Amino acid sequence: MRRLNQAILHVQRSNTFCIFTLMKLPYWIIALALVACSCKKSNPPVNIITDTTHADTSNLVHLPLRGGDLTILPPIEALSGQFFDSTSPRQCMDIMQEFGCNIIRVGIWNHAQDGHLDLDHVLLLCKRINQLGMQIMLDFHYSDTAADASRQLPPAAWAGLSFVALKDSVQTYTQRILTALKDQNTLPSIVQIGNEIDNGLLWGTGRISGPQDANWNNFAGLVKSGISGVKAVDASIPILLHCSQTQNADTFFSNLQQHGVPFDIMGISYYPWRDTKDLQVLQQRLNQLAATFNKPVFIAETAYPYSLRNNYDLMPNFITSNDQLIYPQFFATQAGQLQFLTALKKVIAAIPGNMGLGFSYQNPEWTAYRGEGSYSSPWENMTLFDFY
């Protein structure tokens, strides 16, 4: 076992980072957590909590919502993955909540093959989030697998449906999921209709390719059906719509408005390797979005590598070279990962009119480990855990 740098381990509870570890015996995985300043613990209401009770100190940046997407936590736990804070085994969400996370993003798939991302598992996960006093952000993928800007595969059960039947299925399914969450008193504080939907959802009925695509009417109709399903359960739940990058996000949200799609929050993914690597350009784009639409901006997905190594498992990683990074400003090191997220938080906080709502770190738990039930990941070098 490699000894940790004691200077890194020595941190204050009010700081923007901490150290924690994930261990699948007999291997250790060391981690740098990048969540945020401390948060107010309270039972999550339906409306968004804007926690302003903790003033910033030194270089800390306060944001109302500081979160992470823990969608892959249940399958890791099912394979006996254990999370450690220093040398003590603890629950992953306990660690994140203690060090400032106040909202957890949870993705839901219609009929996941591994069974971990369907309704039953989401209900259990949301109970755990609620018990810790954190808020829930529910992300409907409307697919049996992960949906993003590069793929939006309809659920197998909806194959061949007419447009009218597909709209009805979207609304009914959305309403059923939220009713189940309401029945166990774990309604989300934010609902996301579709994941990275700037190329549409439920391809090919709802696929779009640009602002003039004739399929926009279908796409908008499907999104409206999802929103109607939310509002049928609780009209006060804010709706987030999610664009995969900042470039052309203004055109995407403008088209949504032109097609009469109501939404409350603009969700944006920010990954430097597929977006601008210039944080000044990022600031300008986010400022312009907030000013144009007079709606808050939430970075729904972000991540940054703490290493370019790929020697822990046999699965190739997504990020492997410096030319994919904001380099040399932020190195692929623990310190560079922290510096990147601190800089991003400052960008979000600087959006005029307090329109910078916060961020969600994408899959901080999606690490690889060896041993019985070994688990591979292409994301292992971008988690908040490393693989020493």
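What you are looking at is a predicted structure, and each value in this text was computed from that prediction instead of being measured.
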- [ ] Go through the structure and list residues passing ring-ring contact (aromatic ring centres under 6.0 Å, His included) with Phe331, not counting sequence neighbours.
- [x] Tyr327

Task: Listed partners of Asp144 passing salt bridge (charged side-chain N to carboxylate O under 4.0 Å, His left out), at least two apart - done: none

Open item on the list: Test of understanding: with side-chain contact (heavy atoms from CB on, under 4.5 Å), list the residues that count as partners of Ser228, not counting sequence neighbours.
Closed with: Gln171

Open item on the list: Restricting to side chain to side chain donor-acceptor pair (under 3.5 Å), what partner residues turn up for Asp198, sequence neighbours left out?
Closed with: Ser244

Task: Any donor-acceptor N/O pair, Ser269 side chain to Gln245 backbone, under 3.5 Å - done: no

Open item on the list: Does anything in residues 238-252 form a salt bridge (charged side-chain N to carboxylate O under 4.0 Å, His left out)? List the pairs, not counting sequence neighbours.
Closed with: none

TODO: Kindly write out the residues that satisfy side-chain contact (heavy atoms from CB on, under 4.5 Å) with Asn218, not counting sequence neighbours, or none if the list is empty.
DONE: Phe163, Thr205, Asn215

Open item on the list: Can you tell whether the side chains of Arg90 and Glu98 come within less than 4.0 Å, N to carboxylate O?
Closed with: yes

TODO: Please check if atom CG in Asn185 has more than 12 non-hydrogen atoms from other residues, nucleotides or ligands closer than 6.0 Å.
DONE: no

- [ ] Mind checking salt bridge (charged side-chain N to carboxylate O under 4.0 Å, His left out) for Asp148 and listing every partner two or more places apart, or none if nothing turns up?
- [x] none

Task: Rounded distance [0.5 Å steps], CZ in Phe330 versus CG in Leu325 - done: 11.0 Å

Open item on the list: Listing request: all salt bridge (charged side-chain N to carboxylate O under 4.0 Å, His left out) pairs with a residue in residues 273-283, at least two apart in sequence or in separate chains.
Closed with: Glu196-Arg274, Asp275-Arg285

TODO: Compute whether any side-chain donor of one residue and acceptor of the other, for Asn195 and Gln192, lie under 3.5 angstrom apart.
DONE: yes

Open item on the list: Looking only at side-chain N and O atoms, does Gln337 offer a donor or acceptor that is under 3.5 Å from a partner on Thr333?
Closed with: no

Open item on the list: We want to know whether Glu301 and Tyr270 form a side-chain donor-acceptor pair, criterion being a heavy-atom distance below 3.5 angstrom.
Closed with: no

Task: Nearest-0.5 Å distance that lies between atom CG in Leu153 and atom NE2 in His141 - done: 12.5 Å

TODO: Under the side-chain contact (heavy atoms from CB on, under 4.5 Å) rule, collect the residues that match up with Ala232, sequence neighbours excluded.
DONE: Gln175

Open item on the list: Could you measure the distance from the CZ atom of Arg207 to the CG atom of Leu202? Nearest 0.5 Å is fine.
Closed with: 12.5 Å

- [ ] Spell out, yes or no, whether Leu308 and Leu384 are grouped together once hydrophobic residues are joined by side-chain heavy atoms under 4.5 Å, including indirect joins.
- [x] yes

Task: Atom CG of Asn354: over 12 foreign heavy atoms under 6.0 Å - done: no

- [ ] Would you mind listing every ring-ring contact (aromatic ring centres under 6.0 Å, His included) that reaches into residues 212-240, with sequence neighbours excluded?
- [x] Trp216-Phe219, Trp216-His259

- [ ] May I ask you to decide if Cys101's main-chain N or O and Arg66's side chain share a donor-acceptor pair within less than 3.5 Å?
- [x] no

- [ ] Name all pairs fulfilling the salt bridge (charged side-chain N to carboxylate O under 4.0 Å, His left out) condition that reach into residues 124-133, sequence neighbours left out, sorted by first residue then second.
- [x] Glu77-Arg128

TODO: Check Met315 against Pro378 and note the closest heavy-atom contact, atom names and distance.
DONE: SD-CD, 3.1 Å

TODO: Drop me the distance from Asn363's CG to Ser377's OG, to the nearest 0.5 angstrom.
DONE: 8.0 Å

Task: Pairwise ring-ring contact (aromatic ring centres under 6.0 Å, His included) hits with a residue in residues 224-254, at least two apart - done: Phe253-Phe263

